Amino acid sequence: MREYLEIEGGYPLKGEIPISGAKNAVLPALAATLLAPGTYRFTNWPRLLDLYTMLELLSHLGARIESRGPVLEVDTVSAEGVEAPYELVRRMRASILVLGPLTARFGRARVALPGGCPIGKRPVDFHLRGLERLGARIEIRHGYILARAEDGLSGAEIVFDVPSVTATENLLMAATLARGKTEIRNAAREPEVVFLGEMLRAMGARIEGLGTDHLVIYGRSELEPPREPLRIIPDRIEAGTYLMLPGITGGEITLAGVEPAHLETPILRLKEAGLEIEAEGDRLYARARRPLSPLKIVTAPYPGFPTDLQAQIMVLLTQAEGLSLITESLFEERFHHVFELRRMGAEIELDERTAIVRGPVRLQGAEVEANDLRASACLVLAALGAEGVSRIYGLEHLDRGYEKIEAKLSALGAKIVRKSYEGHQAFGPCGAGPRD
Ligand code: EPZ
């Protein structure tokens, strides 16, 4: 049964929207439970497809999963498996995050090699080279990564060409069980990396430099589960997505349960565009002054402007007066949403890695589909600001990263309903390939 969202746009939104725990923080945290046998507890965990895929992988490896009310409990005492099958990896590339922990803990791992995806090639060479630097032998056979380190891993110096979030997380986890000292230079500094580092410290790991691009890890022979339950940090990308709403639909909203410090750059840029944003503890209040001003945006690793908010700010800038430029520096294919936004009346030209957005335009409702999680979110924003009714297909992507999206938006006065239909498998512009 295929589902779609039916949205009638044009209504100013008003009210409070709760922000969920971060998808990109809970995924590495769950992989880290493989580093030491025992029971791990998490709170503020998001009910998202990607999280359930990771839980399916952990149980495939022998872990026992239990959700007791707000607490997600993972018991890895009998997690002895070392294989992440293609069926699971094709659904979620972040499955590769078990490669480092399995190799470090069991001395071997067999993980399906993630394929390409709608936003780009997404190579994993940094992950594999880094594990080799730590002493693992890596082979690629029949579409699988085979990692071996029978005598365990040994600390080493690792340098990334560009900061990679999951490669930093994979090697940070592996290094906690490697003999001696490991240094990771040009490491990713995302809040989700810091959250993982803090979890590993709570497991007994010795890590210096968290939040900087130079991590130093002194390996231990073994770790143990944190004594206290871990609260997953708020999802800064979900928050950043909704923060743009007043600039697109008008009205005023309050985000609850956010960490404003994780959104400093997006907040600064949205204020430049004309949004009035105030932070108060874990709440963010936003409304928009019209007309909006155009911006020049270049995506960059944290603390730069996040690539995961690129599609969303593109929708906002269709409402700005004049020409905006958006350059996507991280992923070579992350402009598929442009073609769908054009079908809604947006005036966007592409020049290599830069989108030129002319505004303001009155977006029109249409039937649209995206096959990337953030592109799907941008189509929801566009539909909310458009004149008339839109139907958004490809919800399997949206549900990977946005918990209860129609409930959260309806509470703000949005006219949004999830419907289902029989019918053909509608694919996005690049077909039904694996997902990012
Ligand atoms: C993480 O992906 C996020 N996913 C992505 O979020 C996010 O877009 C991305 O970081 C950038 O912030 C998770 O955290 C689960 P990268 P990741 O490795 O780690 C190149 C979402 O919507 N690279 O930081 O895969 C790569 O091609 C998702 O939630 C290599 O060349 O991204 C890219 O140009 C989408 N070789 C750059 O590094 C490697 O081995 C940054 O990618 C690894 C990466």
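Whatever order the structure lists ligands and atoms in, that order sets their numbers, starting from 1. Just so you know, these numbers come straight off a predicted model, no measurement behind them.
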Give the intermediate values and the outcome of side chain to side chain contact (heavy atoms under 4.5 Å, CB included) for residues Asp50 and Leu27. CA-CA 8 Å; Asp50 273 4; Leu27 294 176; 4.3 Å; yes
With a cut-off of 4.0 Å, which atoms of ligand 1 are near a heavy atom of [X]?
| X | result |
| --- | --- |
| Val124 | 39 (C), 40 (O) |
| Leu330 | 11 (C), 33 (C), 34 (O), 41 (C) |
| Thr307 | 8 (O), 11 (C), 12 (O) |
| Arg122 | 2 (O), 17 (P), 25 (O) |
| Arg334 | 8 (O), 22 (O), 35 (C) |
| Arg374 | 21 (C), 22 (O), 29 (O) |
| His127 | 40 (O) |

Is atom CD of Glu73 surrounded by more than 12 heavy atoms (other residues, nucleotides or ligands) closer than 6.0 Å?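 More than 12 heavy atoms, drawn from other residues, nucleotides or ligands, come within 6.0 Å of this atom.
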Which label fits Phe160 and Phe126: parallel for a plane angle under 30°, tilted from 30 to 60°, or perpendicular past 60°?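 Correct class here is parallel.
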Whether Phe339 and His336 hold their rings parallel, tilted or perpendicular, with breakpoints at 30° and 60°: tilted
Distance-only donor-acceptor check, side chains [X] and [Y], under 3.5 Å:
| X | Y | result |
| --- | --- | --- |
| Thr327 | Arg353 | no |
| Ser293 | Glu272 | no |
| Tyr393 | Glu367 | yes |
| Glu16 | Thr254 | no |

Checking contacts here: is it the side chain or the backbone of [X] that comes within 4.0 Å of ligand 1, counting heavy atoms only? Could be both or neither.
| X | answer |
| --- | --- |
| Gln310 | neither |
| Lys23 | side chain |
| Tyr302 | neither |
| Thr166 | both |
| Pro123 | both |
| Val162 | side chain |
| Asp125 | both |

Distance-only N or O hit between ligand 1 and [X], under 3.5 Å:
| X | value |
| --- | --- |
| Phe331 | no |
| Ile119 | no |
| Glu169 | no |
| Leu373 | no |

Ser164, Ser376, Gly401, Pro301: member with heavy atom nearest to atom 18 (O) of ligand 1: Ser164
Calculate, to the nearest 0.5 Å, the distance between atoms CZ and CE belonging to Arg400 and Met92 respectively.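 Atom-to-atom, Arg400:CZ and Met92:CE are 8.0 Å apart.
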Atom pair CG (Leu295) and CG (Leu316), whose distance is rounded to the nearest 0.5 Å: 7.5 Å
Using side-chain heavy atoms (C-beta onward) and a distance below 4.5 Å, is Leu284 in contact with Ile19? no
Any side-chain heavy-atom pair from Leu196 and Leu200 closer than 4.5 angstrom?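 Leu196 vs Leu200: side chains touch.
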With a 4.0 Å cut-off on heavy atoms, is His397 touching ligand 1?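 No; His397 lies far enough from ligand 1 that no heavy-atom distance drops under 4.0 Å.
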